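Proteins come first, then strands; the chains are lettered A, B, ... in the order of their sequence lines, and each starts at number 1. Just so we're clear, the structure is a prediction, and the values are computed from it rather than from any experiment.
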Amino acid sequence: MTSAESSRAFEALHPHVQRWIWRQGWGALTPTQERAIPTLVAGDQDVIVAAATAGGKTEAAFLPVLSRLLGDEPGHYECEGLALYISPLKALINDQFQRLELMVEGTDIPVVPWHGDVGRKQKDRFFRKRQGVLLITPESLEALFVTHGHRVPQLFERLRYLIVDELHAFIGVERGMQLQSLMHRLELTLRRRVPRVGLSATLGDMGLAAEFLRPGGGEQVDTIVSTEDSGAALKLQVRGYEHKPPALSTNEAEERDERGEQVDQADTLNGDVVDIARHLFRTLRGTNNLIFANSRRDVEVYGDLLRRECDSLGVPVEFFPHHGSLSKDLREHVETSLKTGTQPVTAVCTSTLEMGIDIGAVASIAQIGPPHQVASLRQRLGRSGRRGDAAVLRLYIREDRIDDQTPPPDRLRPALFQAAAMTELLLERWTEPPRVSALHLSTLIQQILSVVAQYGGATAQGLWNVLCESAPFSAVSQDHFLALLRQMGAARLLMQSRDGTLLHGEHGERIVNHYSFYSAFNAPEEFSLAVDGKIIGTLPIDRPVMEESYLIFSGRRWRVLHVDTDHKRIDLARATGGRAPSFGGTPGTVHDKVRDKMFELYRGAADPVYLDTQAKELFTEGREHFQRLGLRDECLVEDGKNTLVFPWAGDIAMDTLAAILTSKATHSEREGICVRVKDAQPSEVRAKLRDICDAPAPSPEDLASGVQNKQTEKYDEYLGEDLLNVDWSSRRLDTQAAIRVAGRLTRSGQ
DNA sequence: GACCTGCTGCGGCGTG
């Protein structure tokens with residue numbers, strides 16, 4: 001490695017930035033920085049910088065950007081342009097603001113953070129200067145377009161770079177479509193192309209990421225991928241548990257409840273859950289760790305068990321819950337305790353602690369239940385094993401106790417095999433590519449309303465040109481676009497003036513003028529939970545609790561004093577009993593590759609080395625049942641009057657296959673890792689599958705028309721049935737994949 | 001039967 005001073009990248013930087021590097025005492029620039037700096041200083045190309053660690057990536061982008069803003073002359077310290085940094089998290093903006101302030105010290109470069117918690121003063125500073133670095137969220141940028149639309153050309157006149165941090169968090173989701181649209185609208189307003197810079201740690205597919213950053217021009221994006229290995233060793237264990245009945249049956253618990261006796265949550269929980277909590281307590285006590293549970297409810301369940309374990313031994317509590325429904329105060333308290341490290345602290349958390357601010361390295365990671373995605377498992381593992389120590393990961397997997405009633409798919413120990421499959425894929429360095437097939441009509445509605453606000457009105461042709469033609473919503477057909485405008489008219493979101501200009505309708509006006517308009521994603525309505533007037537968190541409004549019932553929340557036990565429906569508020573008081581609430585939610589989708597790997601593990605002979613004794617037994621049983629069902633050679637299994645189909649495919653392909661079979665008068669349902677076809681023998685199912693392969697592909701919209709509850713995105717309520725079917729099927733169905741799977745199935749067992 | 005993210009303008013009040 002060359003020393004910092006002698007490298008080409010270093011030479012390309014402004015003297016002020018060079019001095020900043022000296023002051024840091026860096027021996028050398030990282031290879032990623034060496035590659036990124038010359039391209040970014042030139043400032044005429046789109047670039048993606050993908051590097052595993054937090055350190056180095058931000059500098060790889062900001063050192064050259066600040067250099068460019070200072071101009072070519074060595075003695076020049078005045079700012080000559082604007083860089084726009086867009087982040088998905090407010091916390092990240094605050095972090096970057098502090099780092100940048102130190103980097104620009106001694107220059108004239110203004111750095112302005114801009115999000116919902118930032119005061120008027122800072123924002124006015126940007127309105128005056130209109131240069132330097134503006135750190136902003138997509139929502140706040142949206143707000144600028146809506147409330148200062150006519151000023152956008154002047155405000156961003158000097159824009160030279162668009163930097164998107166945590167790029168992976170935007171790809172394939174509504175919020176990412178909004179971001180693409182905003183970047184495109186910005187360039188249209190300025191009448192020029194602005195180089196885009198994407199930063200990320202975990203990208204599953206660089207081609208998709210490049211195409212996301214510059215729709216229609218992904219091939220020209222320069223992708224700089226760090227090949228530096230963290231080098232840390234990995235210690236891995238998958239622990240198996242079989243369900244044990246709770247100490248009290250549901251009936252007994254209810255009877256005691258009715259008699260007014262308090263029921264201890266531990267007595268109503270399955271014995272294996274209590275066993276897992278005990279193992280976590282014994283193993284993790286005394287060090288800093290993260291325990292990831294798959295739901296907020298489980299966070300509260302395990303958080304409560306671990307706290308009581310501490311209490312019963314009379315030792316200080318060191319296990320604390322952390323999830324998105326807890327108040328900011330409570331969450332920040334846990335984050336700070338993890339960071340300072342004076343006392344041992346373990347957070348029991350959801351994906352809240354997967355990314356975002358730096359909490360420092362922890363001794364180990366625990367994962368309860370199979371992870372939903374390999375990408376998420378990788379991100380979680382990355383929190384352990386820094387500073388050269390081995391990364392430690394323990395997975396705790398629960399499986400059913402098998403009896404005569406256990407349905408065949410559950411005998412296969414699917415949770416354990418999914419966990420093992422994901423672990424294998426993690427070791428193979430594979431990551432799910434994002435799904436980018438969705439039309440995102442909900443966000444198109446938002447963007448139409450926003451463009452009308454920005455220009456004070458627009459024609460249908462103008463809207464089409466700005467949003468769809470060679471623009472982010474190019475997958476939307478002209479027919480669908482016109483149908484959408486008509487629906488928006490009917491819902492009074494839009495109205496047409498005499499000269500044909502589209503303006504906000506009565507209802508559209510109301511929506512756009514409320515601050516809730518700026519986000520593209522859907523957020524459920526919530527009750528706030530108050531203790532002595534202080535808000536400790538929230539509960540979804542569709543999960544009501546009764547007055548006088550008991551609740552476990554924030555790692556403590558409460559009695560519900562009062563439910564105020566008008567003000568959406570629930571008052572709580574301390575109690576000794578309680579149960580963890582359910583927070584609801586919609587399930588995610590498992591990728592094809594994971595099911596494929598599960599199939600491979602079922603057929604294999606060797607046991608993975610990372611299984612503990614019980615997991616090994618469960619694994620062996622899973623394979624035995626796999627053999628017994630004849631699944632090695634056959635994917636269709638007779639089950640009473642029904643047939644079970646095991647396609648070893650991802651959720652989207654399986655759901656689509658079930659929908660196609662149902663449309664062919666064979667009622668079918670997804671059941672875990674298989675599809676249950678009702679009242680049909682395997683031979684009939686095989687014939688149906690052959691039909692599916694031979695016939696023309698069914699229209700996804702027709703398949704969607706039989707599905708209930710399709711309104712899931714923010715503005716879906718304004719889509720008519722037809723457009724809703726089009727949009728929903730673009731998100732949730734894949735007929736080509738289903739037909740491929742059907743083809744494979746007809747060839748099995750022959 | 002999952003998780004997470006974000007938000008303006010202005011009136012009213014208290015404090016320096």
Listed by chain and number, what are the ring pair (Phe, Tyr, Trp, His ring centres under 6.0 Å) partners of [X], not counting sequence neighbours?
X: A/F517; answer: none
X: A/F126; answer: A/F156
X: A/Y718; answer: A/H507
X: A/H591; answer: A/W430

The criterion is salt bridge (Lys or Arg N to Asp or Glu O under 4.0 Å); which residues satisfy it with A/R732, sequence neighbours excluded? A/D655

Salt bridge (Lys or Arg N to Asp or Glu O under 4.0 Å) partners for A/D542, two or more places apart: none

DNA chain B-proximal residues of [range], any heavy atom under 4.0 Å:
range: residues 134-147 of chain A; result: A/T137, A/E139, A/S140, A/A143, A/T147
range: residues 84-98 of chain A; result: A/P88, A/L89, A/K90
range: residues 580-589 of chain A; result: A/G584, A/G585, A/T586, A/P587, A/G588

Partner residues of A/D592 under the side-chain contact (heavy atoms from CB on, under 4.5 Å) criterion, sequence neighbours left out: A/A649, A/A653

Side chain to side chain donor-acceptor pair (under 3.5 Å) with A/N294: which residues, sequence neighbours excluded? A/Q367

For A/F212 and A/V436, what are the C-alpha separation, side-chain angles and deciding distance, and is it a side-chain contact (heavy atoms from CB on, under 4.5 Å)? CA-CA 9 Å; A/F212 175 87; A/V436 290; 6.0 Å; no

Could you go through nucleotides 12-16 of chain B and list every protein N or O atom that sits under 3.5 Å from one of its N or O atoms, giving the distance for each pair?
none

Just call it for A/R380: base, sugar-phosphate, or nothing, with non-hydrogen atoms closer than 4.0 Å on any strand. nothing

